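These notes concern the structure reproduced below.
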Amino acid sequence: MFSQSDFVHMERALTLAQRGLYITDPNPRVGCVLVKDGVVIGEGSTQPAGQDHAEIQAMKDARARGHDLRGATAYVTLEPCSHFGRTPPCASALIEAKVARVIAAMEDPNPLVSGRGLAMLRDAGIDVRCGLLANEARELNIGFVSRMTRKRPWVRMKVAASLDGRTGLPSGESQWITGEAARADGHAWRARASAILTGIGTVKEDDPRMTVRAVDTPRQPKRVLIDSRLEASPLAQIFVGPPTLVFCAALDESNEERAEALRARGAEIVALGNAHGKVDLTAMLGELAARGVNELHVEAGYKLNGSLLREGCVDELLVYVAPSLLGTSSLGMIDLAAPATLDERTRLAFHSVDRIGGDLRILARVVAMQDA
């Protein structure tokens, strides 16, 4: 169905899509390559929201080079959109350009598109094929796919630990367990996320900024704080800079003064409580999805880590393992009760294992019970 040259051009389109890793939110990261008579005539990648999609960029590039698009093949990593959003439909633009073929890596999971773009192209007499390097395209937009299909972000929990699974000494000292290369890599994962989440325990203990600093980025992810009783100090560093979104259990007279103090620092406060006086974590994910959050990067303490896992709110763990031992009395990674049997354990599947400087980086995905 696909030729070797098809693979080569789609791989290039995926490389172009990577350019949008830090800038396209809440839109997906998409790349497009236009080929005519075996020659690449135009390339493009999706720009920040409200600006050109990859297909439009590629067509502009081809025309700027003096090429006629008629009869060309468009390789695009995601189905061309078929609806008017902030920009006109890309499917219509390809039809007007009279391209002969469109090869898409995957269908757009957005219910507003979901095959309609491909159908428009076929109805216009264009040869349309889909499914080339679909897994690679999905991985690049795993958060967008999650938000479109599950109405929740893809949640990635980051932990830095010793080889015996400890994240800090009994005193709380934890800087730095891993090396500089691993810390920079962790900031790169922060940078690709739509939002970074932490809990009140971490804010009290470490007073983190929760920003991207170790790598260059054109934008800072939104910061999200879970603070059930609004205990955070208005002077905490997490409130320096752009507004922080704070989730609490309830807003009433008992915390009205604290809420106003946080709002004075630019915080937005949302009450989403459960029956236990805590933040409803599942509802929180729905709220973040409604705000356009595709990937949620979690850097929190072992208690909140445990709560998120118990509530089924974690999709994958990003664990940096240092070649050191801290001992059993040191702080753990996750607050989880021991299962009654091995069959009840939380199952993970290794997605990747890489060496980063002197440390290991493990990406492990939570295995759903029906898939275990």
Side-chain angles (χ1 to χ4, degrees), residues 146 150 152-174 177-178 186 196-206 208 224-232 246-250 272-288 296-322 324-351 353 360-372:
S146 176
R150 304 189 300 167
R152 54 173 274 182
W154 182 263
V155 180
R156 181 179 299 116
M157 178 183 290
K158 181 257 184 180
V159 182
S162 60
L163 189 58
D164 54 348
R166 302 294 157 176
T167 61
L169 297 177
S171 63
E173 181 183 353
S174 61
I177 291 176
T178 54
I196 303 172
L197 179 143
T198 194
I200 183 59
T202 299
V203 169
K204 284 182 173 180
E205 290 291 329
D206 300 332
V224 181
L225 172 63
I226 295 180
D227 184 4
S228 293
R229 296 187 292 271
L230 295 183
E231 299 174 287
V246 181
F247 286 96
C248 66
L272 279 179
N274 60 22
H276 306 289
K278 302 288 187 180
V279 172
D280 185 325
L281 299 176
T282 301
M284 178 196 70
L285 293 185
E287 175 66 20
L288 291 175
L296 180 64
H297 181 93
V298 177
E299 293 196 27
Y302 72 102
K303 290 183 179 179
L304 180 53
N305 286 349
S307 296
L308 288 164
L309 273 165
R310 283 193 300 273
E311 295 295 322
C313 295
V314 179
D315 295 301
E316 66 184 7
L317 277 69
L318 175 66
V319 183
Y320 294 90
V321 182
S324 61
L325 303 171
L326 295 183
T328 56
S329 61
S330 294
L331 301 177
M333 294 169 53
I334 300 164
D335 181 21
L336 279 180
T341 68
L342 284 177
D343 287 341
E344 298 174 15
R345 60 187 159 170
T346 301
R347 294 178 181 270
L348 307 172
F350 288 129
H351 185 69
V353 180
L360 289 182
R361 182 187 67 199
I362 300 172
L363 196 63
R365 293 186 172 167
V366 178
V367 178
M369 287 301 295
Q370 61 267 27
D371 299 328

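Model, not experiment: these values are computed from the prediction.
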Closest contact, heavy atoms only, T178 versus A322: CG2-CB, 4.1 Å

Note, E316 side chain near K158 side chain (heavy atom, < 4.5 Å): no

Closest heavy-atom pair and its distance - A161, T167: CB-CG2, 4.2 Å

Any side-chain donor near an acceptor of the partner, D343 and T341, under 3.5 Å: no

Qualifying residues under side-chain contact (heavy atoms from CB on, under 4.5 Å), relative to D280, sequence neighbours excluded: N274, T282, A283

Closest contact, heavy atoms only, L325 versus D164: CA-OD1, 3.6 Å

Neighbour count >12 (heavy atoms, 6.0 Å) for atom CD, E231: yes

Backbone N/O of M333 and side chain of N305: donor-acceptor pair under 3.5 Å: yes

Within 6.0 angstrom of R150 CZ, more than 12 heavy atoms from elsewhere: yes

Heavy-atom check, side chain of T202 versus side chain of L304, under 4.5 Å: no

Residue pair L308 / L281, side-chain heavy-atom distance below 4.5 Å: yes

Minimum-distance pair of heavy atoms, taken over all atoms of L336 and G306: CD2-O, 4.0 Å

